[in-house]
Amino acid sequence: MNLKGKVAIVTGGGTGIGRKICLTLASKGATVIVNYNSGAQFALDLVDEIKSQNGQADCMQADIQSFEESENLIKFAIEKFGRLDILVNNAGIVADALMIRMSEENFDKVINVNLKGTWNCCKHAVKYMMKQRSGKIVNIASVVGIIGNAGQTNYSASKAGIIGVTKSVAREVSKRGINVNAVAPGFIKTKMTESLGEEIIEEYTKNIPIPRLGEPEDVANMVAFLASDLSNYITGQVINVDGGLVMN
Ligand code: NAP
């Protein structure tokens, strides 16, 4: 898997799964732009870490909910590095509550970051990738976008929406040499799942055929594959990285 000469943007790249995706793409030779919204220090530290391993990286603040800021993020890659080969839409948030208690604000917030943010970045990236006649877009969905989850009507709707965007854009741009796929992680060990507490994690683990939580690395390896030429004949797919939790 060789990503030498490729330029990649990873949204929400400073922490958790995104951080591991940045490190993995950089280790395969890609120049990685670490996007962040509020966590500047995480992104700056990660850029230093990649450079200390002889990789190439930069970072760029952008709130992906904003159409204009997403456009600036994509333009940053083009203006600074002359191209954009890989876009990983990884940034995402949760604001869980049963529907009966969920505020309209928390529904809108999660849809705006997860779904609209992914659409914003795809929209601006595709413009350049179509001219280039090449590109790889990998959207991070979730298994709950496929099977649903109590307490996550906002989040699971956003992730189901991401799957819809993935399949539709794939149909629009595949003739231009652009592959668009989604990765649907199950339960992965990050700050997002830390808050669940040990008891709930143990309960969830009982239903996973490979009986452990996933590591960010498990997701990053699949993203690197989909970002590479090894996946040239794969588009519009949703690949679960979930230890067998959901079998389609
Ligand atoms: P995380 O550590 O909380 O990372 C989320 C990242 O998103 C942060 O770096 C954050 O950056 C960024 N972000 C949030 N709002 C943003 C915005 N408006 N603009 C730009 N960046 C923004 O969570 P994670 O577990 O690594 O999750 C990464 C992705 O995997 C998410 O899409 C999540 O839904 C998905 N996922 C996770 C799991 C899991 O079990 N962990 C399972 C399925 C899917 P700032 O701090 O700078 O805002």
Side-chain angles (χ1 to χ4, degrees), residues 9-24 32-47 59-74 76 87-96 106 108-121 124 138-149 152 154-163 165-166 182-197 200-201 204-205 208 212-220 222-223 238-243 245-246:
I9 292 176
V10 181
T11 68
T15 64
I17 295 171
R19 181 175 189 282
K20 196 67 199 179
I21 293 171
C22 290
L23 286 164
T24 306
V32 177
I33 298 163
V34 183
N35 157 254
Y36 64 94
N37 182 29
S38 55
Q41 200 53 52
F42 293 115
L44 288 165
D45 290 349
L46 179 57
V47 169
C59 60
M60 164 81 181
Q61 194 279 333
D63 180 349
I64 57 157
Q65 292 176 84
S66 154
F67 190 74
E68 288 75 26
E69 290 185 33
S70 302
E71 185 171 28
N72 290 340
L73 172 64
I74 304 297
F76 178 76
L87 167 66
V88 184
N89 283 303
N90 162 80
I93 58 167
V94 286
D96 298 350
N106 277 351
D108 290 345
K109 193 169 81 178
V110 171
I111 295 290
N112 283 339
V113 175
N114 298 7
L115 178 55
K116 177 80 188 308
T118 296
W119 185 85
N120 283 340
C121 294
H124 296 302
V138 185
N139 297 325
I140 306 300
S142 165
V143 291
V144 307
I146 302 166
I147 61 169
N149 197 19
Q152 293 196 311
N154 50 0
Y155 182 77
S156 57
S158 74
K159 295 299 185 178
I162 287 173
I163 291 171
V165 169
T166 302
V183 174
F187 295 101
I188 310 297
K189 261 191 234 160
T190 67
K191 159 174 111 203
M192 198 178 259
T193 43
E194 230 170 53
S195 57
L196 289 173
I200 294 181
I201 289 178
Y204 278 143
T205 308
I208 307 175
R212 63 169 174 87
L213 293 200
E215 299 289 340
E217 185 182 353
D218 295 315
V219 179
M222 178 51 69
V223 172
V238 183
I239 318 259
N240 297 357
V241 178
D242 64 353
L245 179 65
V246 175

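One-based numbering along the sequence shown. Order of appearance sets the numbers: ligands from 1, and atoms from 1 within every ligand. Bear in mind that the values here come from a model prediction, so they are computed numbers and not experimental data.
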From CD1 (Ile17) to SG (Cys22), nearest 0.5 Å: 12.0 Å

Proximity of Asn35 to ligand 1 by residue part, where a heavy atom lies under 4.0 Å: side chain

Mode of Asn37 contact toward ligand 1 - side chain, backbone, both, neither (heavy atoms, under 4.0 Å): both

For atom 37 (C) of ligand 1, closest protein heavy-atom neighbour: Ile17 CD1, 3.7 Å

Identified side chain to side chain contact (heavy atoms under 4.5 Å, CB included) partner of Ile140 from the options Asn114, Val241, Val223: Val223

Element-labelled atoms of ligand 1 that are located less than 4.0 Å from some non-hydrogen atom of Tyr36: 47 (O)

Atoms of ligand 1, numbered as shown, that sit under 4.0 Å from any heavy atom of Phe187: 40 (O)

Phe42 to ligand 1, any heavy atom closer than 4.0 Å: no

Nitrogen or oxygen atoms of Ile64 and ligand 1 under 3.5 Å apart: yes

Atom 10 (C) of ligand 1 - nearest protein heavy atom and its distance: Gly12 CA, 4.3 Å

Closest to atom 15 (N) of ligand 1 among Val183, Val34, Val113, Asn90 (heavy-atom distance): Val113

Thr15-ligand 1 polar pair, N/O distance under 3.5 Å: yes

Between CG on residue Leu213 and OG1 on residue Thr190, distance to nearest 0.5 Å: 9.5 Å

Side-chain (His124) to main-chain (Glu69) donor-acceptor, under 3.5 angstrom: no

Ligand 1 atoms in contact with Gly39 (distance to a heavy atom under 4.0 Å): 45 (P), 46 (O), 47 (O)

Lys189 near ligand 1 by a heavy-atom separation under 4.0 Å: no

Salt bridge (charged side-chain N to carboxylate O under 4.0 Å, His left out) involving Glu68 - partner list, sequence neighbours excluded: none

Ligand 1 contacted by Ala40 (non-hydrogen, < 4.0 Å): no

Ligand 1 to Lys159 polar contact by distance, N or O atoms, under 3.5 Å: yes

Closest approach of any protein heavy atom to atom 36 (N) of ligand 1, naming residue and atom: Tyr155 OH, 3.5 Å

Identity and separation of the nearest protein heavy atom to atom 27 (O) of ligand 1: Met192 CE, 4.0 Å

Leu115 backbone acceptor or donor facing Ser158 side chain under 3.5 Å: no

Heavy atoms of other groups near Phe42 CZ, more than 12 under 6.0 Å: no

Heavy-atom pair of closest approach, residues Asp242 and Ile208: O-CG2, 3.5 Å

Gly16 neighbourhood, listing ligand 1 atoms whose heavy-atom distance to it stays under 4.0 Å: 2 (O), 26 (O)

Results of salt bridge (charged side-chain N to carboxylate O under 4.0 Å, His left out) for Asp218 - residues two or more places apart only: Arg212

Test item: side-chain donor near acceptor, Asn139 and Thr118, under 3.5 Å: no

Which of the ligand 1 atoms, numbered from 1, are nearer than 4.0 Å to a heavy atom of Ser142: 43 (C), 44 (C)

Residue-ligand contact Ala62/ligand 1, heavy atom below 4.0 Å: yes

Protein contact to atom 5 (C) of ligand 1 [nearest heavy atom, distance to 0.1 Å]: Gly92 O, 3.5 Å

Under 3.5 Å: N/O of Ile188 near N/O of ligand 1: yes

Contact check, Ile140 vs ligand 1, heavy-atom distance below 4.0 Å: yes

Distance in Å, Thr15 OG1 paired with Asp45 CG, rounded so as to fall on 0.5 Å steps: 12.5 Å

For atom 25 (O) of ligand 1, closest protein heavy-atom neighbour: Thr190 OG1, 2.6 Å

Any Ala141 heavy atom less than 4.0 Å to ligand 1: yes

Atom of Ala91, atom of Gly12 and distance for their closest heavy-atom approach: CB-N, 3.7 Å

Rounded distance (nearest 0.5 Å) linking atom CG of Asn37 with atom CD of Gln61: 5.5 Å

Asp63 neighbourhood, listing ligand 1 atoms whose heavy-atom distance to it stays under 4.0 Å: 17 (C), 18 (N), 19 (N)

Nearest protein heavy atom with distance in Å, relative to atom 22 (C) of ligand 1: Ala91 CB, 3.6 Å

Asn120 side chain vs Gln65 backbone, donor-acceptor pair below 3.5 Å: yes

Minimum heavy-atom distance between Ala184 and Val143, given as atom pair plus value: O-CG1, 3.7 Å

Ligand 1 contact on Thr11 by region, counting heavy-atom pairs under 4.0 Å: neither

Side chain to side chain contact (heavy atoms under 4.5 Å, CB included) partner of Asn35, chosen from Val10, Val88, Thr11: Thr11

Atom 14 (C) of ligand 1 - nearest protein heavy atom and its distance: Ile93 CG2, 3.7 Å

Ser38 heavy atom under 4.0 Å from ligand 1: yes

Check: Asn72 side chain, Ala62 main-chain N or O, donor-acceptor pair, under 3.5 Å: no

